[in-house]
Peer 1: 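Take a look at the following structure, please.
Residue numbering restarts at 1 for every chain, and letters A, B, ... go by the order of the sequence lines. Bear in mind that the values here come from a model prediction, so they are computed numbers and not experimental data.
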Amino acid sequence: MSDYSWRVGGTSGISDSENGVGAVYLRKLTSSKYKGVVPQPNGRWGAQIYEKHRRIWLGTFNEEGEAAKAYDVAARRFRGHAALTNFMVSGKGIQDDIETTFLNSHSKAEIVDMLRKHTYNDELEQSAHNYGSKESGADVMESKPSVCERVQLFDKAVTPSDVGKLNRMVIPKQHAEKHLPLQLASSSKGGLLNFEDNGGKIWRFRYSFWNSSQSYVLTKGWRRFVKEKNLKAGDIVSFHRSTGSDKRLFIEWEQRDSSRKPSMKQVESGQMVRLFGVNLFSKS
DNA sequence: CTTTGTGTTGAG
DNA sequence: TCAACACAAAGG
């Protein structure tokens, strides 16, 4: 399938030579008709997506279409359900299908890693199977606790004070009143709310309204989260809620920009064991 | 050796 | 943000 074709109208000279130096493949490769797909010199296809001025390589594929699908998956994970893709249908309603759930349950790094290793479909299928059998007992969530249908409530780029000495995070009133009615918390356990992170770990925060500043805040428990995740001002904290009748809450986070080398700090701070060998956001 | 995927640039 | 291009690094 080495469809090593040249671009239409391109120069025909084919210096097939392999002279030690210099002699390069100066022929133009046929560009792909798919978004996020680039031709490789050997006739295969590479997939890539950009974020924050950086290219994130999604791997190489034999078939152009496979590369395009890889891009689609990444686009969905990086840019949301409405992202422009090659094949997927761009819907805008509630995102509650299996694949969306799967994507929401994995970090960008994990998804990219699966794409590069060509294991995405297997993982997704595995997840789907798991999901289907979740009706039996009461301990099914054991293996993959973070996998369940969820919808995003809101994101917030944490401010310096959110990660500073005040040991609290302000929840924008607009979002608090719409998604986190104070009553929800106070009624249960004295203002305590439980959030589950990607690793399935439960974080309990005190949630209350401060009259002095007329703002909704997460207080007790927040500092621990900031410390363990090594949150820095500008990082994004994302809140989700399960779509089912059980009102489970989820909290995720991601760094503001990848220029601040991630791996080391995250690893050192404990947690974050799910970073893969691949240095997704760094150069060689 | 072959192939990847990064460095880089310039267009949109 | 995006793909084209060249090629050094990575892989076998």
Peer 1: To the nearest 0.5 angstrom, please state how far the NE2 atom of H81(A) sits from the CZ atom of R76(A).
Peer 2: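 Spacing of NE2 (H81(A)) from CZ (R76(A)) equals 4.0 Å.
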
Peer 1: Take atom C1' in dA6(C) and the same atom in dG12(B), then report the distance between them in whole Å.
Peer 2: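 That atom pair is separated by 22 Å.
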
Peer 1: Roughly, in whole Å, what's the span from NZ in K52(A) to C1' in dC2(C)?
Peer 2: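 Checked: the NZ to C1' distance equals 17 Å.
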
Peer 1: Quick check for you: among dT1(C), dG5(B), dA3(C), whose closest atom lies nearest to any side-chain atom of V38(A)?
Peer 2: dA3(C)

Peer 1: Any donor-acceptor pair, under 3.5 Å, between the side chain of Q48(A) and the base of dG5(B), if you only look at N and O atoms?
Peer 2: no

Peer 1: Who passes ring-ring contact (aromatic ring centres under 6.0 Å, His included) against F225(A), sequence neighbours left out?
Peer 2: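 Once residues adjacent in sequence are excluded, the partners of F225(A) under the ring-ring contact (aromatic ring centres under 6.0 Å, His included) criterion are W203(A), F205(A), W222(A).
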
Peer 1: So do R204(A) and F195(A) actually touch side chain to side chain, heavy atoms under 4.5 Å?
Peer 2: no

Peer 1: Is it the case that the base of dG7(B) and the side chain of R55(A) share a donor-acceptor contact (distance under 3.5 Å, atom types as modelled)?
Peer 2: yes

Peer 1: Taking CZ from F61(A) and C1' from dG5(B), how many angstroms apart are they, rounded to a whole number?
Peer 2: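 It works out to 12 Å between those atoms.
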
Peer 1: Take the protein atom CH2 of W57(A) and the nucleotide atom C1' of dT3(B), then report the distance between them rounded to whole Å.
Peer 2: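 Atom CH2 in W57(A) sits about 11 Å away from atom C1' in dT3(B).
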
Peer 1: For L84(A) and dA3(C), what is the distance between atoms CG and P respectively, to the nearest whole Å?
Peer 2: 10 Å

Peer 1: Is S31(A) near enough to dA3(C) that one of its side-chain N or O atoms lies under 4.0 angstrom from OP1 or OP2?
Peer 2: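 For dA3(C), OP1/OP2 do not have a side-chain N/O of S31(A) under 4.0 Å.
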
Peer 1: Please give, in whole Å, the distance from dT1(C) C1' to R79(A) CZ?
Peer 2: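 Atom-to-atom, R79(A) to dT1(C), this comes out as 7 Å.
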
Peer 1: Rounded to the nearest angstrom, tell me the gap between atom OH in Y50(A) and atom P in dG7(B).
Peer 2: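 Result: 11 Å.
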
Peer 1: Among the candidates dA4(C), dG5(B), dC2(C), find the nucleotide nearest to the side-chain atoms of R116(A).
Peer 2: dG5(B)

Peer 1: Please state how far atom NE2 in H53(A) lies from atom C1' in dG10(B), giving the value in whole angstrom units.
Peer 2: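 It is 15 Å, rounded to the nearest whole Å.
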
Peer 1: Side-chain N or O of R54(A) versus OP1/OP2 of dT6(B): is the shortest distance under 4.0 Å?
Peer 2: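 Result: no.
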
Peer 1: Report the nucleotide, chosen from dG5(B), dC2(C), dT1(C), that has the shortest atom-to-atom distance to any side-chain atom of Q40(A).
Peer 2: dG5(B)

Peer 1: Using only heavy-atom distances, determine whether the side chains of S107(A) and R77(A) contain a donor-acceptor pair under 3.5 Å.
Peer 2: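 There is no such pair between these side chains.
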
Peer 1: Between dC7(C), dT3(B), dT1(C), spot the one nearest the side chain of N42(A), thanks.
Peer 2: dT3(B)

Peer 1: Is it true that F102(A) and Y120(A) have ring centroids separated by less than 6.0 Å?
Peer 2: yes

